[in-house]
Novice: 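Submitted below is the structure of interest, expressed as structure tokens.
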Amino acid sequence: MRLKKGAKIGISVFVGIIFLSLGIYSFVKIKEQKEYEKTYEYQLTTLGYSLDSAKKLVKIYKNEELAYLLKQEKDDIYIDISQADYFIYDKFYDYINYYKENKDKGIKDIVEIVNTNNNHEYYTETKETDLSKGNLILVNKYNYLPNDYVPDNLVTISLDYAYGELGSQKVTKETYDAFLSMWRASHENGYYLMVNSSYRNYQEQEETYNDYANANGTSYADTIAARPGYSEHQTGLTIDVFEQGTGQKNFASTPSYQWLKENAHKYGFIERYPIDKVDITGYDYESWHYRYVGIEAATYIYEHNITFDEYYAYFVK
């Protein structure tokens, strides 16, 4: 049966439309592929990342960091470190640079070290601390106080709770009120806490540091005392505390220390230089050194077993 002329034309048009459509579809797909090949996602896969990993990296990082990754060899560190607790985006390059020089370090260690500036030598890369942070100001081997800094709300600790001459021991009023609350609670449990050292001004800290340095050298002094301007004692937020009748050498073995370790956070205090955090704090273990930071911060630090340096970097700064 022969098709009519009109039918033949219709079929030809239909076939033409199909071919045209296929051509347009192919053109669009080719164009889309070329556009996709320009994306970070595709280019990351050419480095050896799986498509899933490439998608994660694109979701995690901004264009500048992604451009940087394209110049590096494939390494899972870029994903792993972003998923670490206390990862700070702005420290990305510091993490990576430290990692490249210390590939034996774990992810957790890298983040801890960089967040607390311990990827630099002590007393280098220093800056004046931000005094607007109030009870959460950070003073350590990288953050210092002005030489003339004196807290404006110092009060005298009663000799009922402190060693020394009348008026020699002082802390900020909020620190003192918190200490008294902690003292009463500890006393109800059979302990009698005494403050052995509290606020020291710049000149007093200078004398303390020089005594250690002159006797045993600067290297030793730096492990046991802060350089002037870098001491928490100048903040008025710090106390060295012992059980009445005990001293520095045996305080860590006393029941009163164990009580403090487990309860100080309830009153806003933290053990500032714990035995397992020497590499982070930069100071030898000091079971007697307590810093007031407020109940919220102290509780978090206690429950998550981190230092104030780490807490400050992630939550305060």
Side-chain angles (χ1 to χ4, degrees), residues 77-78 80-145 205 209 218-219 221-235 237-238 261 264-265 268-287 289-294 296-317:
I77 183 70
Y78 303 115
D80 295 342
I81 204 161
S82 71
Q83 297 175 344
D85 290 339
Y86 310 114
F87 169 80
I88 298 173
Y89 193 97
D90 289 347
K91 291 184 177 289
F92 169 77
Y93 294 106
D94 293 319
Y95 295 136
I96 300 308
N97 290 336
Y98 185 78
Y99 162 72
K100 288 180 176 180
E101 297 177 0
N102 300 273
K103 291 197 174 183
D104 58 317
K105 297 287 187 183
I107 298 294
K108 181 176 181 294
D109 292 332
I110 292 170
V111 171
E112 283 182 353
I113 289 167
V114 171
N115 283 2
T116 55
N117 284 336
N118 280 287
N119 51 322
H120 302 292
E121 293 293 324
Y122 294 140
Y123 298 112
T124 64
E125 303 293 325
T126 60
K127 62 180 180 297
E128 185 174 314
T129 196
D130 184 353
L131 295 176
S132 71
K133 302 303 182 183
N135 292 331
L136 294 176
I137 60 175
L138 177 66
V139 179
N140 58 16
K141 294 183 177 182
Y142 305 101
N143 297 269
Y144 60 86
L145 291 163
Q205 185 64 32
Y209 179 84
T218 301
S219 296
D222 283 339
T223 67
I224 205 73
R227 294 183 184 181
Y230 295 85
S231 172
E232 281 200 328
H233 282 282
Q234 193 180 342
T235 67
L237 300 167
T238 296
K261 188 176 179 67
H265 66 281
F269 289 92
I270 57 170
E271 183 182 15
R272 184 64 177 91
Y273 305 126
I275 193 170
D276 59 340
K277 300 290 185 177
V278 173
D279 290 342
I280 298 299
T281 65
Y283 289 102
D284 285 347
Y285 173 45
E286 294 189 4
S287 59
H289 184 111
Y290 282 81
R291 160 69 191 272
Y292 181 73
V293 294
E296 180 180 351
T299 300
Y300 187 95
I301 289 168
Y302 171 80
E303 291 180 346
H304 293 82
N305 190 32
I306 62 174
T307 62
F308 179 57
D309 311 85
E310 296 167 84
Y311 180 89
Y312 185 92
Y314 195 76
F315 293 107
V316 182
K317 182 179 178 181

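FYI, the numbering just counts along the sequence from 1.
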Novice: Rounded to the nearest 0.5 Å, what separates atom CD1 in Ile270 from atom CZ in Arg291?
Specialist: 6.5 Å
Novice: Go through the steps for Lys127 and Asn143 under the test side-chain hydrogen bond (donor to acceptor under 3.5 Å, both in side chains), then give the verdict.
Specialist: CA-CA 5 Å; Lys127 62 180 180 297; Asn143 297 269; 3.3 Å; yes
Novice: Quick one, Glu232 with Ile137, criterion side chain to side chain contact (heavy atoms under 4.5 Å, CB included). Give me CA distance, side-chain angles, the key distance, then yes/no.
Specialist: CA-CA 9 Å; Glu232 281 200 328; Ile137 60 175; over 6 Å; no
Novice: Kindly give the heavy-atom pair with the smallest separation between Ala298 and Gly268, and that separation in Å.
Specialist: CB-C, 3.6 Å
Novice: Backbone N or O of Lys105 within a donor-acceptor pair of the Asn102 side chain at under 3.5 Å?
Specialist: no
Novice: Output the distance between atom CD1 (Ile96) and atom CD1 (Ile81), rounded to the nearest 0.5 Å.
Specialist: 5.0 Å
Novice: Looking only at non-hydrogen atoms, find the nearest pair between Ile113 and Ile280 and report the distance.
Specialist: N-CD1, 4.3 Å
Novice: Can you list the steps and then say if Tyr300 with Phe315 is a ring pair (Phe, Tyr, Trp, His ring centres under 6.0 Å)?
Specialist: CA-CA 11 Å; Tyr300 187 95; Phe315 293 107; 4.9 Å; yes
Novice: Is the backbone of His233 close enough, under 3.5 Å, to the side chain of Ser231 for a donor and an acceptor to pair up by distance?
Specialist: yes
Novice: Verify the neighbour count for atom CG of Asp279: are there more than 12 heavy atoms of other residues, nucleotides or ligands below 6.0 Å?
Specialist: no
Novice: Please answer whether the main-chain N or O of Tyr86 pairs with a side-chain N or O of Asn115 as donor and acceptor at a distance below 3.5 Å.
Specialist: yes
Novice: Measuring from atom CD1 of Ile107 to atom OH of Tyr95, what distance do you get when rounded to the nearest 0.5 angstrom?
Specialist: 10.5 Å
Novice: Would you sort out whether Asn140 and Thr129 count as a side chain to side chain contact (heavy atoms under 4.5 Å, CB included), showing the intermediate values?
Specialist: CA-CA 9 Å; Asn140 58 16; Thr129 196; over 6 Å; no
Novice: If only side-chain N and O atoms count, and only distance matters, is there a donor-acceptor pair under 3.5 Å linking Tyr285 with Asp276?
Specialist: no
Novice: Inspect the surroundings of CD in Gln83 and state if more than 12 heavy atoms from other residues, nucleotides or ligands are less than 6.0 Å away.
Specialist: yes
Novice: Strictly distance-based, threshold 3.5 Å: is any side-chain N or O of Thr223 a donor or acceptor partner for the main-chain N or O of Asp284?
Specialist: no
Novice: Return yes if some donor-acceptor pair links the side-chain N/O of Thr299 with the main-chain N/O of Glu296 below 3.5 Å, else return no.
Specialist: no
Novice: Begin from the C-alpha positions of Thr238 and Tyr292 and carry the test side chain to side chain contact (heavy atoms under 4.5 Å, CB included) through to its verdict.
Specialist: CA-CA 6 Å; Thr238 296; Tyr292 181 73; over 6 Å; no
Novice: Under the 6.0 Å and 45° cation-pi test, does Lys141 pair with Tyr230?
Specialist: no
Novice: Rounded to the nearest 0.5 Å, what separates atom CG in Asn118 from atom CG in Asp109?
Specialist: 11.5 Å
Novice: Main chain of His120, side chain of Tyr142: is a donor-acceptor contact present, judged purely on distance under 3.5 Å?
Specialist: yes
Novice: Verify the ring-centre separation between Tyr144 and Tyr123: is it less than 6.0 angstrom?
Specialist: no
Novice: Please report the closest heavy-atom contact between Pro274 and Thr281, naming both atoms and the distance.
Specialist: CD-CG2, 4.4 Å
Novice: With a cut-off of 6.0 Å (strictly less than), are more than 12 heavy atoms of other residues, nucleotides or ligands near CD of Glu128?
Specialist: yes
Novice: I'd like to know if the side chain of Thr116 and the backbone of Glu112 have a donor-acceptor N/O pair within less than 3.5 Å.
Specialist: yes
Novice: Tell me if the centroids of the rings in Phe269 and Tyr290 come within less than 6.0 Å of each other.
Specialist: no
Novice: Quick one: salt bridge (charged side-chain N to carboxylate O under 4.0 Å, His left out) pairs with a partner in residues 303-312, sequence neighbours left out?
Specialist: Arg272-Asp309
Novice: Please say whether more than 12 non-hydrogen atoms of neighbouring residues, nucleotides or ligands are located less than 6.0 Å from NZ in Lys133.
Specialist: yes
